[in-house]
Amino acid sequence: MTQPHTVLGLETSCDETAAAVVRLTDGRAEVLSSVVGSQIAAHAPYGGVVPEIAARAHVESIDAIAAEALQQAGLGYGDLTGVAATAGPGLVGGVMVGLSFGKAVALARGLPLVAVNHLEGHAVSARLGAEVPYPFLLLLVSGGHCQLLAVDGVGACRRLGSTIDDAAGEAFDKIAKTLGLPYPGGPALEKLAQGGDASRFELPRMLLGRKDCDFSFSGLKTAAARLAEGLTSEAERRDLAAAVQAAIARQLAERSDRAMQAYAHEHEGRGLRFVVAGGVAANGAVRARLQETAAARGFAFTAPPLAYCTDNAAMIALAGAERLALGLTDALDAAARPRWPLDAAAAVANPTHPAGRKGAKA
Ligand code: KG4
Ligand code: ZN
């Protein structure tokens, strides 16, 4: 047995202040604690995340949340073997809070620091609930990201496709808003869609003719907004929510299916695994549709436990522990990065967004 790694993870890149302790022993992860402080109430009046409010809220709660994570794990700082903090991509004011806190702990306790890419956290999140050996094909679907990646090992990702406009979670959130639902829209829309008839409304199928693995949700958003204006009954609202959810799930499944074919070809049909991660992986219809698609293509299917789909620090601690196990650590001057593609090479060679204010976060 090799030495276990017991890592404090910190996550502050969006609107959750989270801390967790994860122990990694011979490749097996055990979550000793996972505390998530949600800022939903603080942002709800604005209908979305306000970066300045988020950064301040992280400052106010990070120390208490980290202390609670250690207490729930029954450990003190002296029991840790490393600290992992999200260093990007995300809202930089918030990222700096968690990263600075992590650096302070590392410095004060003489612990190694790992500056974790938030997306790498999502990529390993399924490993918090099941053994998921590398390599695997990953669909990462959250509020800020929508991409298909071949994950060959720790920190080794190749991007096969990504969104050319909105992320899937962003589409859920924006369409939910036009249906009068509260932020965050994804879970609210899923609830409204229960029992709805997805066939009452026809919604456009995006990128049908395209042979790549990219995504697009803006046409769906426009069509749904137009339909939402003319709704007259609660039953119609429910049916439109069901239609939107089905349309998003269908597109995610169709593009994943394309990626599965390419991936299966590359791997000569052996050891095929498909993993979905990120906030949208919490959606039951999305999970079911992807599971069917994976089964039809001969892929094993894994989704993270529900608590680890949306942002959390257990996934950051695990990503950090996996890096520590390989001796990969970061210096105390590691920078907070608002944009930080997982697959830097693909992002440069094949940018789906131009650089600039609205450029791809991933
Ligand atoms: O992974 P996450 O917590 O944050 C990012 O890294 O972006 O994902 C949040 C996104 C939001 O857009 C939220 O509406 C969506 O995930 N989401 C859902 C569900 N739960 C969260 N979308 C659809 N159905 C859900 N049940
Ligand atoms: Zn996330």
Side-chain angles (χ1 to χ4, degrees), residues 9-18 20 34 36-40 43-44 47-49 51 54 86-91 94-95 98 116-126 128 138-147 162-163 166-179 181-194 196 215 217 220-221 224 241-242 244-249 251-252 275-290 303-316 318-319 338-340 342 360-362:
L10 302 159
E11 159 57 39
T12 56
S13 68
C14 193
D15 59 342
E16 329 273 5
T17 313
S34 179
V36 180
S38 173
Q39 302 175 2
I40 285 176
H43 299 289
V49 180
T86 298
L91 301 172
V95 171
V116 174
N117 184 312
H118 178 82
L119 305 178
E120 193 169 312
H122 279 301
V124 302
S125 61
L128 291 163
L138 172 71
L139 172 66
L140 202 170
V141 266
S142 69
H145 306 279
C146 186
Q147 43 189 300
S162 71
T163 183
D166 291 343
E170 200 176 355
F172 267 113
D173 292 341
K174 288 177 177 169
I175 295 171
K177 210 168 175 178
T178 65
L179 282 165
L181 294 168
Y183 165 84
L189 191 145
E190 179 172 23
K191 207 161 154 226
L192 176 63
Q194 267 166 23
F215 302 86
F217 296 100
L220 180 64
K221 192 178 63 187
V244 164
Q245 181 172 261
I248 294 176
Q251 188 183 145
L252 294 176
V275 173
V276 60
V280 177
N283 184 284
V286 167
R287 280 166 100 107
R289 185 88 196 226
L290 291 169
L306 283 182
Y308 305 131
C309 288
T310 45
D311 287 349
N312 64 89
M315 67 185 194
I316 304 302
L318 177 57
R339 291 169 201 279
W340 184 3
L342 256 190
K361 281 181 273 186

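In listed order, ligands and their atoms are each counted from 1.
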- Where ligand 1 meets E190 - atom numbers and elements under 4.0 angstrom, heavy-atom basis: 24 (N), 25 (C), 26 (N)
- Item | Atoms of ligand 1, numbered as shown, that sit under 4.0 Å from any heavy atom of G144 | 7 (O)
- Item | All salt bridge (charged side-chain N to carboxylate O under 4.0 Å, His left out) counterparts of K174, not counting sequence neighbours | D166, E170
- One should read off an interatomic distance between L181 CG and K191 NZ, to the nearest 0.5 angstrom, of 10.0 Å
- Query: What protein N/O/S atoms lie closer than 2.8 Å to the Zn ion (ligand 2)?
  - Reply: H118 NE2, H122 NE2, D311 OD1
- Heavy-atom closest pair (F172 atom, I248 atom, distance to 0.1 Å) is CE1-CG2, 3.7 Å
- Query: Which option out of V286, D311, N283, L140 puts a heavy atom nearest to atom 6 (O) of ligand 1?
  - Reply: D311
- Note on the structure: Checking heavy atoms under 4.0 Å, the part of H122 that sits near ligand 1 is side chain
- Query: Can you tell me how far the CG atom of L318 sits from the OG atom of S34, to the nearest 0.5 Å?
  - Reply: 11.5 Å
- Smallest separation among heavy atoms of C14 and V49, with atom names: SG-CG2, 4.2 Å
- Query: Out of A285, A171, G279, who gets a non-hydrogen atom closest to atom 15 (C) of ligand 1?
  - Reply: G279
- Query: Which residue supplies the protein heavy atom nearest to atom 7 (O) of ligand 1, what is that atom called, and how far is it?
  - Reply: G143 N, 2.8 Å
- Note on the structure: With V276 as partner, the option from L290, L140, L138 fulfilling side chain to side chain contact (heavy atoms under 4.5 Å, CB included) is L290
- Message: Do W340 and T86 have side chains that approach each other closer than 4.5 Å (heavy atoms only, starting at C-beta)?
- Response: no
- Item | ligand 1-proximal atoms of E16, by part, heavy-atom distance under 4.0 Å | neither
- Straight-line distance of M315 CE to E120 CD, nearest 0.5 Å: 11.0 Å
- Query: Quick one: nearest non-hydrogen protein atom to atom 22 (N) of ligand 1, plus distance?
  - Reply: G186 CA, 3.4 Å
- What closest approach, in Å, do A224 and I175 show between heavy atoms, and which atom pair accounts for it? CB-CG2, 3.8 Å
- Query: Which atom names give the shortest non-hydrogen contact between Q147 and S162, and what distance separates them?
  - Reply: CB-CB, 3.8 Å
- Any idea which protein heavy atom is nearest atom 13 (C) of ligand 1, and the distance to it? D173 OD1, 3.7 Å
- Item | Pair Q245, N283: side-chain N/O donor-acceptor within cut-off below 3.5 Å | yes
- Using a strict 4.0 Å cut-off to heavy atoms of G169, name the atoms of ligand 1 that fall inside it. 12 (O)
